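Keep in mind that this is a model prediction, so the values were computed, not measured. Counting starts at 1 for both ligands and their atoms, following the listed order.
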Amino acid sequence: MREKPVITIDGPAGAGKSTISRLLAERLSYLYLDTGALYRAVAYHLIQKDYSGNNEELADLCRNIRVELNDRAGRLHVFVNSEDVTMKIRTEEIGLLASRISAIPMVREVLLSVQRDMAAAGGVVAEGRDMGTVVFPDAEIKFFLDATVRERAGRRYRELSERGEKASLRDVESDILIRDRQDRERSVAPLVAAADAVHIDSTDQTISQVVDIMMGVINKTGNAQMRTEKCP
Ligand code: DC
C-alpha cells in the first residue's frame, strides 16, 4: 500500500503533458516522472552507438544500458550510463526515433523497472503514453490529456521557434501525425486512454486552467477516500 497516490497523465505529443505534469508535481510536492525522456535517452544512445537496426545488436545495447532520472537542484536530469543527456535529447530527430524504438518490446522491458522503482513509494506524477494502462494500471488517479493536431503542432512550432530552431509549421504537423500513428498503432503498450482515466481536451484551455481542473479532480478523489474511511 502506497502512502501517497500515483497520478498518471497520458496523451499524444504536444498535448501539454510535460508542462502540466511538472506544474502539478510542483503544486503537490510530488516527483515528476517524465517517461518520454527515458525513451529519448535510449534513442540518443542508439544513435551514439551507430545502431543499425539489427536485433542482436539491440539486445546487446539494452543489456548494457543504464538509464536514470535524477534530481539536480530541483530539476530532473536524464543520464545514460552516467552521461547527462538532459539537453541533448530534446530534438525532433530524437523524438521521432524514440517513438519508433518504443514499439520494440525489449526497449519497453528495460525501462519498465526504472519507472516502477521510481514510483514505488507513490507521490509521483507520471507522464507518458502507457502510464495508466501498462506501467501503473493501479494508479489512484489517471488523466488522458488531448488536443487537436493543429493546436499541438502550433504549440510545438512556437516552442521550437523560441529555442531558435528552424522548422516549418507544416513539417512539425507532419512529424506529429507520424508520431501519433506510431504511438497509437504499435502492438505493445499503444497510446490509448485507460478505461478509468479522466479525459481533458486542452485545445481551448490555458495551462493553468488544465492544472486547476486536475487539482479539482485530485481534491475530489481525496475527499471521497476520506468519506469512505470515515464510514463504519
Ligand atoms: O513524450 P515524449 O515526446 O518525450 O516521448 C517520446 C516518445 O517516447 C513518444 O513518441 C513515444 C515514446 N514513449 C512511449 O512509448 N511511452 C511512454 N510512456 C513515453 C514515451
Give the residue, atom name and distance (to 0.1 Å) of the protein heavy atom nearest atom 19 (C) of ligand 1.
Thr35 OG1, 3.5 Å
Ignoring angles and geometry beyond distance, decide whether Arg156 reaches within less than 3.5 Å of ligand 1 through its nitrogen or oxygen atoms.
no
protein heavy-atom neighbour closest to atom 6 (C) of ligand 1 works out as Arg179 NH1, 3.4 Å
Should the pair Asp196-Lys142 be classified as a salt bridge under the 4.0 Å nitrogen-to-oxygen rule?
yes
Nearest 0.5 Å please: distance from the SG atom of Cys62 over to the CD1 atom of Ile101.
8.0 Å
Closest non-hydrogen protein atom to atom 11 (C) of ligand 1, residue and atom name please, with distance?
Asp183 OD1, 3.4 Å
Would you give the length of the straight line joining atom CD of Glu127 to atom OG1 of Thr19, rounded to the nearest 0.5 angstrom?
8.5 Å
Report yes if some heavy atom in the side chain of Arg116 is under 4.5 Å from a heavy atom in the side chain of Phe136; otherwise report no.
yes
Run the salt-bridge test on Arg152 and Asp180 with the 4.0 Å N-O cut-off and return the result as yes or no.
yes
Geometry only, no angles: is Tyr39 polar-contacting ligand 1 at N/O separations under 3.5 Å?
no
Check ion pair Lys4-Glu140 (N to O, under 4.0 angstrom):
no
Are any of the side-chain nitrogens in Glu26 or Arg22 under 4.0 Å away from the carboxylate oxygens of its partner?
no
What residue and heavy atom of the protein are closest to atom 16 (N) of ligand 1, and at what distance?
Arg108 NH2, 3.1 Å
Would Gln182 count as a contact of ligand 1 if the rule is a heavy atom under 4.0 Å away?
no
Among Arg40, Arg129, Lys17, whose heavy atom sits nearest atom 1 (O) of ligand 1?
Arg129
Atoms of ligand 1, numbered as shown, that sit under 4.0 Å from any heavy atom of Arg186:
14 (C), 15 (O), 16 (N)
